[in-house]
Protein chains: 2
Amino acid sequence: MARIFGHIYGQPVGSTYENRRALRNAGVHAPLRAGISGTGNDGADSIVVSGGYVDDKDYGDTIVYTGHGGRDSDTGRQVRDQELSDPGNAGLVRAGLEGLHVRVVRGRNPDSPYAPSSGLRYDGLFRVESYGAKVGIDGFRIWQFTLVKIPDEAPTTATPPPLQSTIDTDTNGPGPASVTETVIQRIVRSSKVVQQVKAWYCHECQVCGLAIEVAGGLYSEGAHIQALGSPHHGPDVVENVLCLCPNDHVRFDNGAIYLSNDLKVIDARTDQITGALTVNRSHRIDPQYVANHRARWTTGTGRE
Amino acid sequence: MARIFGHIYGQPVGSTYENRRALRNAGVHAPLRAGISGTGNDGADSIVVSGGYVDDKDYGDTIVYTGHGGRDSDTGRQVRDQELSDPGNAGLVRAGLEGLHVRVVRGRNPDSPYAPSSGLRYDGLFRVESYGAKVGIDGFRIWQFTLVKIPDEAPTTATPPPLQSTIDTDTNGPGPASVTETVIQRIVRSSKVVQQVKAWYCHECQVCGLAIEVAGGLYSEGAHIQALGSPHHGPDVVENVLCLCPNDHVRFDNGAIYLSNDLKVIDARTDQITGALTVNRSHRIDPQYVANHRARWTTGTGRE
């Protein structure tokens with residue numbers, strides 16, 4: 001059966017289910033045990049937030065969700081590092097990279113004011129805003145995914161299932177695309193601070209030196225070293241901003257490269273130096289933000 | 001004086017002005033004659049929509065605004081091609097590339113239901129959603145900028161002018177960045193159609209072959225050949241989507257490269273072939289969309 005990303009027809013937000021079997025039969029979350037439904041190829045289409053992970057945090061419209069793997073099946077505590085290659089975790093990475101809509105189901109959890117008092121409840125669509133590694137309460141690396149609720153009034157209405165069960169690219173037919181069929185994969189933000197940093201470098205990427213030429217001008221992006229927004233809360237100050245080309249911006253924001261304290265560029269797969277960040281003499285980069293970014297992707301194992 | 005991007009303190013949306021001198025004195029639009037306030041370096045901070053260009057279109061919340069230059073000063077008709085290097089046009093390009101907020105002032109225009117009946121009126125903030133070239137009514141190349149209104153309730157409230165008149169990156173101080181200080185520079189959208197196209201290429205860019213590796217997966221972007229949204233109205237179908245790396249996506253969307261009918265990649269500055277698009281045998285690309293994109297950036301002068 002094709003994975004459906006979005007609401008399931010006939011299952012409005014707030015629907016409740018007695019158990020995982022009923023949840024599966026309703027088409028809301030297929031696996032009977034796993035908390036994440038998805039693979040690295042497809043992306044994750046749904047998760048169950050059940051309070052089983054000690055590092056999970058539920059703020060209502062923002063959920064910090066611990067990835068899969070590394071737990072002792074008896075005690076539920078972490079006994080090994082988690083891996084992003086685990087299919088569930090890879091599914092949440094893909095959901096984040098593609099901007100997919102992920103159904104969130106909450107299970108009973110006496111510690112959470114947002115959980116149902118019994119059974120399971122479908123609580124609507126979320127997107128994976130960011131992810132990163134940290135050392136969990138039990139001392140092992142966990143991957144955490146920050147999911148943010150998509151407002152219920154957003155154009156994500158469930159449609160009746162198509163007759164074909166595979167992805168069918170013809171159902172829309174040609175003609176102007178409806179906004180309701182697209183999701184946001186990536187948002188690049190700017191600010192006065194970002195513009196100042198870009199001006200110092202004349203739009204040349206601090207990692208690779210490239211300035212993208214387009215009709216009428218040069219193009220670059222401001223990358224916040226310690227990310228903006230929850231749960232990172234990096235500031236929008238020049239000491240926390242790099243001028244990067246879009247490719248290196250994607251690499252930096254998604255943990256393919258990180259910086260050492262002396263501002264060398266490190267390949268995260270190998271922890272090898274691949275170059276040195278170009279730094280204008282007016283541009284002070286604060287090591288605390290560099291360390292924050294590095295900790296997010298290396299949990300302290302990386303080259304400092 | 002530093003250019004202010006956003007509302008001017010004390011000048012709410014709907015404020016009216018007797019003439020351009022009063023408009024200038026209020027700080028809403030500095031030039032007394034030019035319709036565009038801005039430069040390629042700074043970006044454009046304001047425009048006056050006065051109905052002087054025969055190719056302009058005002059739909060209220062969407063304005064198709066003709067760039068500066070090439071007009072006969074007596075008749076107001078185009079007598080030469082317009083150039084993106086004209087400072088006003090370059091300012092609107094920069095505003096589009098950076099997602100800047102542009103103040104829009106409407107002048108009297110009996111043909112427009114959105115224009116004031118006399119004088120000038122400040123109508124709020126717009127962003128430059130897209131731009132492109134076309135042959136105007138008078139037979140010469142014009143550059144047109146599609147501006148879309150930013151909702152008045154959006155967090156763009158005017159603040160009292162700072163004591164310093166230059167860009168001051170310290171006024172915020174460190175601490176979590178407020179959303180109100182940032183603007184959206186770029187939004188990348190995805191869809192089921194986009195995911196199908198990416199799958200055909202395993203995220204390898206059809207222009208350069210690169211697949212961006214990030215923690216946990218590969219990253220690519222779906223580029224609509226004929227752009228989505230007003231005024232292009234390209235469809236979200238596989239025949240209109242390319243799988244590109246972010247850098248080539250920016251280049252393609254902003255007219256640095258275009259495609260010939262036989263799907264060669266052409267550098268728009270030189271009209272020289274720089275390579276051939278990689279095309280999967282399952283992926284039919286519709287020449288009509290390729291021609292539409294090419295026309296937007298070359299007005300028919302490019303290599304077909």
Side-chain angles (χ1 to χ4, degrees), chain A residues 5 40-41 84-85 89-90 93-94 97-100 167 169 172-178 181-196 199 210 212-217 219 221-222 224 228 233-239 245-247 249-251 254-256 268-269 297, chain B residues 5 40-41 84-85 89-90 93-94 97-100 167 169-170 172 174-178 181-196 199 210 212-217 219 221-222 224 228 233-239 245-247 249-251 254-256 268-269 297:
Chain A
F5 294 89
N41 269 338
L84 269 193
S85 53
N89 300 341
V93 168
R94 177 57 52 203
L97 292 176
E98 304 285 342
L100 302 177
I167 287 182
T169 56
N172 305 331
S178 158
E181 293 152 6
T182 64
V183 297
I184 291 175
Q185 178 177 2
R186 178 168 181 250
I187 297 179
V188 179
R189 294 180 190 282
S190 187
S191 64
K192 279 188 189 176
V193 164
V194 165
Q195 288 169 263
Q196 168 64 78
L210 181 71
I212 305 260
E213 295 190 51
V214 299
Y219 179 91
E221 296 178 357
H224 290 83
L228 294 177
H233 302 296
D236 188 33
V237 296
V238 294
E239 293 82 0
C245 73
N247 282 359
H249 191 183
V250 166
R251 289 188 183 101
N254 294 284
R269 290 167 304 184
W297 297 109
Chain B
F5 294 90
N41 267 339
L84 269 194
S85 53
N89 301 340
V93 168
R94 178 56 51 201
L97 292 176
E98 304 285 341
L100 302 177
I167 287 183
T169 55
D170 292 322
N172 304 330
S178 158
E181 292 151 8
T182 66
V183 297
I184 291 174
Q185 178 177 2
R186 177 167 183 253
I187 296 180
V188 178
R189 293 181 191 280
S190 186
S191 66
K192 279 188 189 177
V193 163
V194 165
Q195 287 169 266
Q196 169 65 77
L210 181 71
I212 305 260
E213 295 190 51
V214 300
Y219 180 92
E221 295 178 357
H224 289 85
L228 294 175
H233 302 297
D236 187 34
V237 295
V238 295
E239 294 81 1
C245 73
N247 282 359
H249 191 184
V250 165
R251 289 188 183 101
N254 294 284
R269 289 167 304 184
W297 297 109

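First the proteins, then the strands, lettered A, B, ... as listed; each starts at 1. Basis for what follows: all heavy atoms, side chains included, without hydrogens, waters or symmetry-related copies.
- Looking at V93(A), only its side chain comes within 4.5 Å of chain B, counting heavy atoms on both sides.
- By the side chain to side chain contact (heavy atoms under 4.5 Å, CB included) test, A215(A) is found to be paired with L84(B), W297(B), residues two or more places apart in sequence or in another chain being considered.
- Taking every heavy atom of both residues into account, I212(B) and N247(A) meet most closely at CD1-CG, 3.4 Å.
- Considering every non-hydrogen atom in both R251(A) and V214(B), the closest pair reads CA-CG1, 4.4 Å.
- Here R189(A) contributes atom CZ and I187(B) contributes atom CD1; the two are 8.5 Å apart, rounded to the nearest 0.5 Å.
- Atoms CG and CD, from N254(B) and E213(A) in turn, are 12.5 Å apart once rounded to the nearest 0.5 Å.
- By number of non-hydrogen pairs under 4.5 angstrom with chain A, the leading residue of C245(B), A199(B), G217(B) is C245(B).
- Taking the side chain to side chain contact (heavy atoms under 4.5 Å, CB included) definition, one finds that Q185(B) meets it with V188(A), S190(A), K198(A), Y219(A), E221(A), E98(B), sequence neighbours left out.
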